[in-house]
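Quick notes on the structure that follows.
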Amino acid sequence: QVQLVESGGGLVQAGGSLRLSCAASGSIFSINAMGWYRQDPGKQRELVATITRLGSTNYADSVKGRFTISRDNAKNTVYLQMNSLKPEDTAVYYCAAYRRGRNYPLMGDYWGQGTQVTVSS
């Protein structure tokens, strides 16, 4: 099993920045890709970005050029730097991890508890 713990959410004004972190523990050897998803109440969970162990990234069109995903394999931690935030970025952000051989567009195999990001206009 893999445990994921997110941190870094909060309230920010439009145009501001936040940095999310997700620390993985447990059977780290079993995972390759990690990523971030977000979900609004009443909506489906949607991809934000993913990154493989070797650093290959994938972004949703809505965040390209504003968000950057990165990873520190030594610390088993993935980050999401969010710049130029918009009110429509408001959501609960979830960290996800994929077992080896799996990646987006499949849904993650392991999930964090989520962290709220609220962008005020």
Side-chain angles (χ1 to χ4, degrees):
Q1 286 293 321
V2 173
Q3 294 77 45
L4 303 172
V5 178
E6 303 108 331
S7 61
L11 173 64
V12 64
Q13 287 189 331
S17 298
L18 281 175
R19 188 192 195 207
L20 305 182
S21 299
C22 172
S25 61
S27 302
I28 305 299
F29 64 90
S30 68
I31 63 174
N32 180 8
M34 296 183 69
W36 293 93
Y37 285 72
R38 64 188 182 187
Q39 187 171 22
D40 260 343
K43 295 185 179 179
Q44 285 191 329
R45 193 168 295 188
E46 64 177 12
L47 170 77
V48 176
T50 60
I51 185 168
T52 67
R53 187 173 289 275
L54 294 181
S56 178
T57 59
N58 178 50
Y59 292 93
D61 288 342
S62 59
V63 306
K64 282 180 180 177
R66 300 188 298 122
F67 291 12
T68 302
I69 190 170
S70 61
R71 182 169 177 168
D72 185 335
N73 289 327
K75 296 182 178 179
N76 299 316
T77 300
V78 64
Y79 306 96
L80 185 68
Q81 178 66 43
M82 304 185 292
N83 298 328
S84 301
L85 282 160
K86 305 175 181 179
E88 51 263 44
D89 294 318
T90 295
V92 178
Y93 283 69
Y94 294 91
C95 179
Y98 293 81
R99 288 195 294 266
R100 290 184 181 275
R102 292 168 53 82
N103 200 345
Y104 182 81
L106 297 173
M107 296 299 284
D109 297 299
Y110 305 101
W111 295 91
Q113 79 284 357
T115 185
Q116 177 70 46
V117 171
T118 302
V119 184
S120 63
S121 56

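Predicted model, so just to flag it, every value in this text is computed and none were measured.
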Practice problem: Give a yes or no on whether the backbone of S84 and the side-chain of R66 come within a donor-acceptor separation of less than 3.5 Å. | Solution: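 At least one qualifying donor-acceptor pair exists.
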
Approximate separation, where rounding is to 0.5 Å, of [X] [atom1] and [Y] [atom2]:
X   : Y    : atom1 : atom2 : answer
Y98 : D109 : OH    : CG    : 8.0 Å
S70 : I51  : OG    : CD1   : 6.5 Å
I31 : N76  : CD1   : CG    : 7.0 Å
R53 : I28  : CZ    : CD1   : 8.0 Å
L47 : M107 : CG    : CE    : 9.0 Å
D40 : K43  : CG    : NZ    : 5.0 Å

Practice problem: Check step by step if side chain to side chain donor-acceptor pair (under 3.5 Å) holds for S17 and N83. | Solution: CA-CA 4 Å; S17 298; N83 298 328; 2.9 Å; yes

Quiz item: Does NZ or CZ of R71 lie under 6.0 Å from the centre of the six-membered ring of Y79, at an angle within 45° of the ring axis?
Solution: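 Ring-cation test returns no.
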
Quiz item: Mind checking whether L85 and W36 sit in one hydrophobic cluster, side chains of I, L, V, M, F, W, Y counted as touching below 4.5 Å?
Solution: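 Linked, L85 and W36 end up in one cluster.
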
Could you list the donor-acceptor pairs under 3.5 angstrom formed by side chains in residues 20-27, with sequence neighbours left out?
residue : atom : partner : partner atom : Å
S27     : OG   : Q1      : N            : 3.3
S27     : OG   : Q1      : O            : 3.4

Which pairs would a plain distance check flag for residues 111-121, meaning a side-chain donor or acceptor within less than 3.5 Å of a matching protein atom at least two apart in sequence or in another chain?
residue : atom : partner : partner atom : Å
W111    : NE1  : G108    : O            : 3.2
Q113    : NE2  : E6      : OE1          : 3.3
T115    : OG1  : G9      : N            : 3.3
Q116    : NE2  : A91     : O            : 3.4
Q116    : NE2  : T118    : OG1          : 3.3

Are [X] and [Y] packed together at the side-chain level, in the sense that at least one heavy-atom pair is separated by less than 4.5 angstrom?
X   : Y   : result
V2  : R99 : no
C95 : M34 : yes
Y59 : V48 : no
Y94 : R45 : yes
T50 : T57 : no
L80 : T68 : no

Quiz prompt | Side chains of R38 and Y93, donor plus acceptor under 3.5 Å | solution =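 Side chains of R38 and Y93: pair found under 3.5 Å.
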
Quiz item: Yes or no on salt bridge (charged side-chain N to carboxylate O under 4.0 Å, His left out) for K86 and D89, after CA distance, side-chain angles and deciding distance?
Solution: CA-CA 5 Å; K86 305 175 181 179; D89 294 318; over 6 Å; no

Exercise. Determine which pairs satisfy disulfide bond (SG atoms under 2.5 Å apart) with at least one residue from residues 33-94, sequence neighbours left out, and list them in order.
Key: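 As it turns out, there is no disulfide bond (SG atoms under 2.5 Å apart) pair with a partner in residues 33-94 once direct neighbours are skipped.
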
